There are 2 protein chains.
Amino acid sequence: MEKLPIEVEQAASILKLLGDKTRLTIVSILNQRECCVCELLEVFDMSQPSISQHLRKLKDAGMVKEERRGQWIYYSLNHQCELYGFIKGILERMLVPEEKIQQIEQSNVTLKCGC
Amino acid sequence: MEKLPIEVEQAASILKLLGDKTRLTIVSILNQRECCVCELLEVFDMSQPSISQHLRKLKDAGMVKEERRGQWIYYSLNHQCELYGFIKGILERMLVPEEKIQQIEQSNVTLKCGC
DNA sequence: TTATGATATAACTATATACTTATATAATAT
DNA sequence: ATATTATATAAGTATATAGTTATATCATAA
């Protein structure tokens, strides 16, 4: 399933999505843990709409899925996505953004969320 | 060497370069055979400067190297590039553009080039 | 019901990008 | 020398993109 070769055109559109520092970092974080928007907001020097818009693009491409829990919407990588193997292959060769993940975990956002 | 993890920022810039259909196709073709500009020109519905500009970007990133042979300049993937393993990993999951490669080989461009 | 907090959407803007055409450079052939 | 062929570079343009601020939606809490 992971090993099915991908069309050039399809690959290009995925790579274009991942070819943005902010989005690639988001995806790399989501590969470690699910996050709500306000958690991601902790580690980017950027407005909330900007983060939401990036997540929207990732969702539209099927790379990411969302799940509402009360007030919060949790985003996570969509392992069911037919391109997940392709994406995983890329993430595996990248450094995990430990610092940002720590920053999220040390923020009190999660406490407020109660998750 | 291939397995050293890559910084997010560096990965993003490579993925952005590959996230263009034309460039990704070029790279995918060069993964099979070296080509001169006029050969690539055979398989893209695009002006010569456009192809040259794409090759320039790939060269600037170190992904591609060039070698002049007389009138022609041959482009090929730069296996010495520290990111070659990363790129190769992506190409391995993609369909080879056989049709375009055939098109290049059946064109008489190579005959004229005498290579 | 009203206020608050989390997120999404809309509208706008500045910049980046992928093309184009025109021209320059460089090698070969006549 | 001059013409031809291959390629690069310059300049211009239309569109895409990533950000912004303002506002809407939706869930919870008071």
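First the proteins, then the strands, lettered A, B, ... as listed; each starts at 1. Bear in mind that the values here come from a model prediction, so they are computed numbers and not experimental data.
Rounded to whole Å, atom P of dA8(C) lies 12 Å from atom CG of D60(A). Distance, E39(A) CD to dT7(C) P: 8 Å, rounded to whole Å. Nucleotide dA16(C) holds its P atom 15 Å from the CG atom of L17(B), rounded to whole Å. With rounding to whole Å, L55(A) atom CG is found 11 Å from dA8(C) atom C1'. The CG-P distance, from L41(B) to dA8(D), rounds to 11 Å in whole Å. In this structure, the CD atom of Q48(B) is 10 Å from the C1' atom of dT9(D), given to the nearest Å. Atom P of nucleotide dA18(D) and atom CE of M46(A) are separated by 10 Å, given to the nearest angstrom. Atom CD1 in I51(B) sits roughly 11 Å away from atom C1' in dA18(C) (whole-Å rounding).
Phosphate proximity of dA18(D) to R23(A): present, with a side-chain N or O under 4.0 Å from OP1 or OP2. Within the 4.0 Å cut-off from OP1 or OP2 of dG19(D), not a single side-chain nitrogen or oxygen of S47(A) is found. At dA18(C), one or more side-chain N or O atoms of K57(B) fall inside 4.0 Å of OP1 or OP2 (strictly under the cut-off). An OP1 or OP2 oxygen of dT17(C) is reached within less than 4.0 angstrom by no side-chain nitrogen or oxygen of H54(B). OP1 or OP2 of dC19(C) sits under 4.0 Å from a side-chain N or O of T22(B). One finds no side-chain N or O of S52(B) lying less than 4.0 angstrom from the OP1 or OP2 phosphate oxygen of dT7(D). For the OP1/OP2 pair of dT9(D) and a distance below 4.0 Å, the side-chain nitrogens and oxygens of R56(B) include at least one atom meeting the criterion. One finds no side-chain N or O of R68(A) lying less than 4.0 angstrom from the OP1 or OP2 phosphate oxygen of dC26(D). Of the side-chain N and O atoms in S50(A), none sit less than 4.0 angstrom from OP1 or OP2 of dA18(D).
With contacts defined as side-chain heavy-atom distances shorter than 4.5 Å, the pair N78(B)/Y84(B) does not qualify. Under the 4.5 Å side-chain criterion, counting only non-hydrogen atoms from C-beta, I14(A) is in contact with M63(A).
Comparing Q71(A) and Q53(B) by the nucleotide of DNA chain C that holds the closest heavy atom to each, the one mapping nearer the 5' end is Q71(A).
Looking at every heavy atom in both residues, S28(A) comes nearest to L95(A) through OG-O, 4.0 Å. D20(A) approaches A12(B) most closely through the heavy-atom pair C-CB, 4.1 Å. Shortest non-hydrogen contact noted between T25(B) and K21(B) is OG1-O, 2.6 Å.
Residue Y75(A) is classed as a sugar-phosphate contact, given heavy-atom separations below 4.0 Å to backbone atoms only. Residue contacts shown for K16(A) are limited to sugar-phosphate atoms, with no base heavy atom under 4.0 Å away.
Which of dC19(C), dA8(C), dA8(D) sits closest to the side chain of D20(B) comes down to dC19(C).
Remark: R69(B) is positioned above the aromatic ring of Y74(B), its terminal NZ or CZ atom under 6.0 angstrom from the ring centre and at most 45 degrees off the axis.
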